[in-house]
Asker: 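Quick one: the structure is below, and I'll ask about it shortly.
A quick note: this is a predicted structure, and the numbers were derived from the prediction, not measured. Note that these values count all heavy atoms, side chains included, but never hydrogens, waters or copies made by symmetry.
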Amino acid sequence: MSQATEFCAFLSIRYLNPLLMGSAHDWIADNMPPIPEGVVRMRSFHIAPDRGMTIIWFDNQEHLDTAFPHMKAFQQQIAERFEARTEAQKGITSPDGDFGD
């Protein structure tokens, strides 16, 4: 069991037109801002043909709080360009409930 608390951003997207997901991925690859300070790791998931999610782990709450508005703004750019709905949330892990890695 892990004992360290981790600070995370959860970014999700749902494309109203799933056919635009590939174009959005290309645009993101060409326009991705620099990785924010304090990022420990980042993982992206395809949940369904029209949905995706990214989890970004930070080394502390301050770095998460500083980067969060910029991540939300980038998501909004994606939503406006590619007919999507986005959501961004912050959270911390619950070390007592962690299992494996």
Side-chain angles (χ1 to χ4, degrees):
M1 226 187 249
S2 171
Q3 293 304 311
T5 298
E6 296 179 300
F7 305 88
C8 303
F10 302 92
L11 310 175
S12 62
I13 189 163
R14 180 177 176 264
Y15 294 91
L16 303 177
N17 179 351
L19 298 176
L20 295 177
M21 184 184 274
S23 297
H25 284 195
D26 293 342
W27 185 85
I28 292 166
D30 292 340
N31 295 281
M32 183 76 151
I35 300 295
E37 184 177 356
V39 169
V40 175
R41 66 186 176 277
M42 182 167 63
R43 193 89 192 251
S44 294
F45 304 86
H46 284 277
I47 298 170
D50 65 338
R51 294 179 190 204
M53 181 177 76
T54 298
I55 303 173
I56 305 170
W57 288 264
F58 286 83
D59 58 359
N60 62 50
Q61 186 75 49
E62 182 179 342
H63 285 142
L64 170 58
D65 291 343
T66 299
F68 197 71
H70 304 288
M71 292 185 293
K72 284 179 67 170
F74 187 68
Q75 271 196 297
Q76 187 59 39
Q77 289 179 28
I78 297 166
E80 291 169 3
R81 290 176 178 271
F82 298 100
E83 300 177 31
R85 300 279 188 258
T86 61
E87 187 175 333
Q89 297 178 326
K90 293 188 277 187
I92 61 171
T93 58
S94 176
D96 293 338
D98 289 353
F99 178 80
D101 194 0

Asker: Report yes if the side chains of F68 and I56 come closer than 4.5 Å at any heavy-atom pair, otherwise no.
Answerer: no
Asker: What's the separation between atom CD in E6 and atom CD1 in I92, rounded to the nearest 0.5 Å?
Answerer: 11.0 Å
Asker: Just verifying a value: how many Å separate M21 CE and D26 CG, rounded to the nearest 0.5 Å?
Answerer: 12.5 Å
Asker: If you look at every heavy atom in P49 and P18, which pair is closest and at what distance?
Answerer: O-CB, 3.8 Å
Asker: Does any non-hydrogen side-chain atom of R41 lie less than 4.5 Å from one of R43?
Answerer: no
Asker: Applying side-chain contact (heavy atoms from CB on, under 4.5 Å), run through M42 and I35 and close with a yes or a no.
Answerer: CA-CA 10 Å; M42 182 167 63; I35 300 295; 4.2 Å; yes
Asker: Given side chains that start at C-beta, do those of N31 and Q77 come closer than 4.5 Å, heavy atoms only?
Answerer: no
Asker: For G91 and L64, work out which heavy atoms get closest and say how close.
Answerer: O-CD2, 4.3 Å
Asker: Applying the 4.5 Å side-chain criterion to the ILVMFWY set and letting contacts propagate, would I13 and L16 be lumped into a single cluster?
Answerer: no
Asker: Taking CD in E37 as the centre, count heavy atoms belonging to other residues, nucleotides or ligands within less than 6.0 Å. Is the count above 12?
Answerer: no
Asker: In terms of relative ring orientation, are F74 and W27 parallel, tilted or perpendicular, with 30° and 60° separating the classes?
Answerer: parallel
Asker: Could you work out the complete set of other residues in the hydrophobic cluster of I47, with links drawn between I, L, V, M, F, W and Y side chains under 4.5 Å apart?
Answerer: F10, V40, F45, M53, I55, W57
Asker: Can you measure from NE2 (H25) to CD1 (I78) and round to the nearest 0.5 angstrom?
Answerer: 9.0 Å
Asker: Of the non-hydrogen atoms in S12 and Q75, which two are nearest, and what is the gap between them?
Answerer: O-NE2, 3.0 Å
Asker: Could you list all the salt bridge (Lys or Arg N to Asp or Glu O under 4.0 Å) pairs where at least one residue sits in residues 54-73, not counting sequence neighbours?
Answerer: D65-K90
Asker: Where is the tightest heavy-atom contact between F58 and P36, given as atom of each residue plus distance?
Answerer: CE2-CB, 4.1 Å
